[in-house]
Amino acid sequence: MACLHCFLGFLLLAARLPLDAARRFHDVLSNERTSGYTREHSQLTGWSSDENEWNEKLYPVWKKEDPRWKNSWRGGHVQAMLTSDSPALVGSTITFVVDLVFPRCQKEDVNGNIVYENNCRNDTDPSPDLYVYNWTEEGGWGNDHSQHHHHMFPDGKPFPHHPGWRRCSFVYVFHTLGQYLQKLGRGSARVSINTANVTLGPQLMEVIVYRRHHHVYVPIAKVKDMYVVTDHVPVFVTMYQKNDRNLSDETFLRDLPIMFSVLIHDPSHFLNESAVNYKWNFGDNTGLFVSNNPTLNHTYVLNGTFSLNLTVQAAVPGPCPSPSPKPPKPTSPLSSAGDPSPELRATPEETCHINRYGYFKATITIVDGILEVNIIQMTDVVTPVPQPDKSLMDFVVTCQGIMPTEVCTIVSDPTCQITYNTVCDPVDVDTDDTCLLTVRRAFSGSGTYCMNLTLSDNTSLALTSTLVSVSARDPASPSRMANGALVSVGCLAIFVTVITLLVYKKHKEYKLVGHSARIVLKGQGLNALLNHAKAIFRLGNQERDPLLKHQPGTV
């Protein structure tokens, strides 16, 4: 009898050996799993337990150091890039995308075959074949599905014969939370999970990719990535302020509004039917602001450092919990004699809400800056020696706030799209608080220009723009005008000489004057005429106004 028991035990042990020796999904997909790994996870819709067996004959398993990885793909190595739209609010849907990155000069065509890209390889290389992998001509995808037992996943389930399935030559196996999902695809695969029953916190998603090789499948890439499921609404806040030079340093300007925009990370639109409220505390003793608008403007009127706090409340609709039984109400003789009092009950159509909260905190600094800039005057600059291909103009600029340390101009075409030149000059900080500058700039040729002018310091930058019209220089401009003036003065001198001689001749007939006296008078008349002519000649060169040569504040 004892021998019989031993024999039965041996048979049971022998029958159990194949089960223990069989490869499991978790053995293939989670080789780096820690000893503290637990399987207490809710069932994901459409996913299977990784305790199922893995068909290692059809889908071979290679360790990381296995030399066969080097020859798993023709012409190099394939990389798998795994991304997700994490973090995900519990109850929402999280999506994972795997993209295959093929070796250089390789791509997937419309039929799912892997081909060489045109004009990518060196001309010295021998002409390669058109295909890297021609799945279509490789065969094995016959119309009689029953004769092709290799058209199945690692757990033995057959491929889904959806339209175009023969063009899908890659098998993706996703693994997370002790469960797996198999997917037939091409160079990219997408999987979504509802997180209603997913454990909160960081989780790991692993993916292994196989390619078809005749009647077996060869592993070509492995990838894994962390994702997060949270019960807090994922909240991001962008802060924008006009004239703020650096929007990322959380330093802003006093007396200018700051626009706060709240972005809720909800790629699956889980909160579309939720009522969302925003509660702001700007930390400057202005009180609490409550709004249902994700955008709000606030102006700080004092310098300093302030703590910004935002609380987002989302009322997520959902089914109402089952009402708990209530103890019967005590009755009195009076109430028992009359009609029963009405009792409120929840109708089947009634919906309840679960409040989810999100939080954002920031420390911002408020400083003085340049608040506004304006061009109040534009004037042409008259130069002693004009250049026909260049015109100078002065721009009188005012600003509000503190004095700038730099002024920059960008001259471009009338559409402000094509830049011609950029000039920046430092500004000498004066003790005078009045911001009044004269900026001199050169323009090449006549026409219309767009000019952007900016005043800046370390924390602020104020901008203004204007259109500048530069007229063509008259050929008879300052130099020719001077020549014309000289000619006119010469004619005037001749005219005055003729008139003087006539008058002199007339006076000579009626006046008796001695010879020596006539000579003296003649000399005085010629001297007076010459002096008068010299005075007229000097009129052409009397631009001696010091304002034309020296303009304080010009940069």
Parallel, tilted or perpendicular: ring planes of Tyr449 versus Phe443, cut at 30 and 60 degrees: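 It falls in the tilted class, 30° to 60°.
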Criterion side chain to side chain contact (heavy atoms under 4.5 Å, CB included) against Pro267, the qualifying member of Thr93, Thr95, Asp85, Ile94: Asp85
Check: [X] side chain, [Y] main-chain N or O, donor-acceptor pair, under 3.5 Å:
| X | Y | result |
| --- | --- | --- |
| Ser72 | His77 | no |
| Asp266 | Leu271 | yes |
| Ser469 | Thr448 | no |
| Asn243 | Leu371 | yes |
| Gln203 | Val229 | no |
| Asn194 | Ala196 | yes |
| Gln377 | Thr438 | no |
| Glu108 | Leu100 | no |
| Arg23 | Trp54 | no |
| Gln106 | Ile114 | no |

Nearest 0.5 Å, please: how far is [atom2] in [Y] from [atom1] in [X]?
| X | Y | atom1 | atom2 | value |
| --- | --- | --- | --- | --- |
| Phe289 | Phe260 | CZ | CZ | 10.5 Å |
| Glu250 | Thr305 | CD | OG1 | 11.0 Å |
| Glu406 | Thr454 | CD | OG1 | 7.0 Å |
| Phe252 | Asp244 | CZ | CG | 5.5 Å |
| Thr409 | Asn421 | OG1 | CG | 6.5 Å |
| Leu204 | Tyr227 | CG | OH | 8.0 Å |

Do [X] and [Y] come within less than 4.5 Å of each other through their side chains, counting heavy atoms only?
| X | Y | result |
| --- | --- | --- |
| Lys279 | Val290 | yes |
| Ser456 | Cys408 | no |
| Val427 | Leu437 | yes |
| Asp225 | Thr83 | no |
| Ser84 | Met205 | no |
| Leu308 | Leu310 | no |
| Pro404 | Cys399 | yes |
| Leu436 | Val396 | yes |

Worked verdict on Val101 versus Val78 for side chain to side chain contact (heavy atoms under 4.5 Å, CB included): CA-CA 6 Å; Val101 181; Val78 176; 6.0 Å; no
Shortest non-hydrogen contact between [X] and [Y], atoms and distance:
| X | Y | answer |
| --- | --- | --- |
| Thr176 | Ile193 | CG2-CD1, 4.1 Å |
| Asp50 | His175 | OD2-NE2, 2.8 Å |
| Leu181 | Gly46 | CD1-O, 3.3 Å |
| Ala80 | Val209 | CB-CG2, 4.5 Å |
| Phe25 | Glu53 | CE1-O, 3.2 Å |
| Asn246 | Asp249 | O-OD1, 2.5 Å |

Trp280-Phe282 aromatic ring centre distance below 6.0 Å: yes
Tyr300 ring center within less than 6.0 Å of Phe306 ring center: yes
Atom pairs and distances, donor-acceptor, side-chain atoms in residues 352-363, under 3.5 Å, two or more places apart:
none

SB check Arg441 Asp425 (cutoff 4.0 Å): yes
Ser291/Asn293 under side chain to side chain donor-acceptor pair (under 3.5 Å): CA gap, chis, key distance, verdict: CA-CA 5 Å; Ser291 172; Asn293 193 325; 5.5 Å; no
Pairing residues for Val228 by the side-chain contact (heavy atoms from CB on, under 4.5 Å) criterion, not counting sequence neighbours: Ser86, Pro87, Pro202
Audit row: Asp394, Arg440, side chain to side chain contact (heavy atoms under 4.5 Å, CB included) steps and yes/no: CA-CA 4 Å; Asp394 280 347; Arg440 178 169 294 177; 2.8 Å; yes
Steps toward side chain to side chain contact (heavy atoms under 4.5 Å, CB included) verdict (Glu206, Lys222): CA-CA 8 Å; Glu206 301 171 287; Lys222 284 184 177 181; over 6 Å; no
Contacts of Arg68 that satisfy salt bridge (charged side-chain N to carboxylate O under 4.0 Å, His left out) - sequence neighbours left out: Asp66
Given Tyr172, Tyr217, Phe153, the one that forms ring pair (Phe, Tyr, Trp, His ring centres under 6.0 Å) with Tyr59: Tyr217
Check against side chain to side chain contact (heavy atoms under 4.5 Å, CB included), Leu453 and Leu463: CA-CA 6 Å; Leu453 186 144; Leu463 168 68; 6.0 Å; no
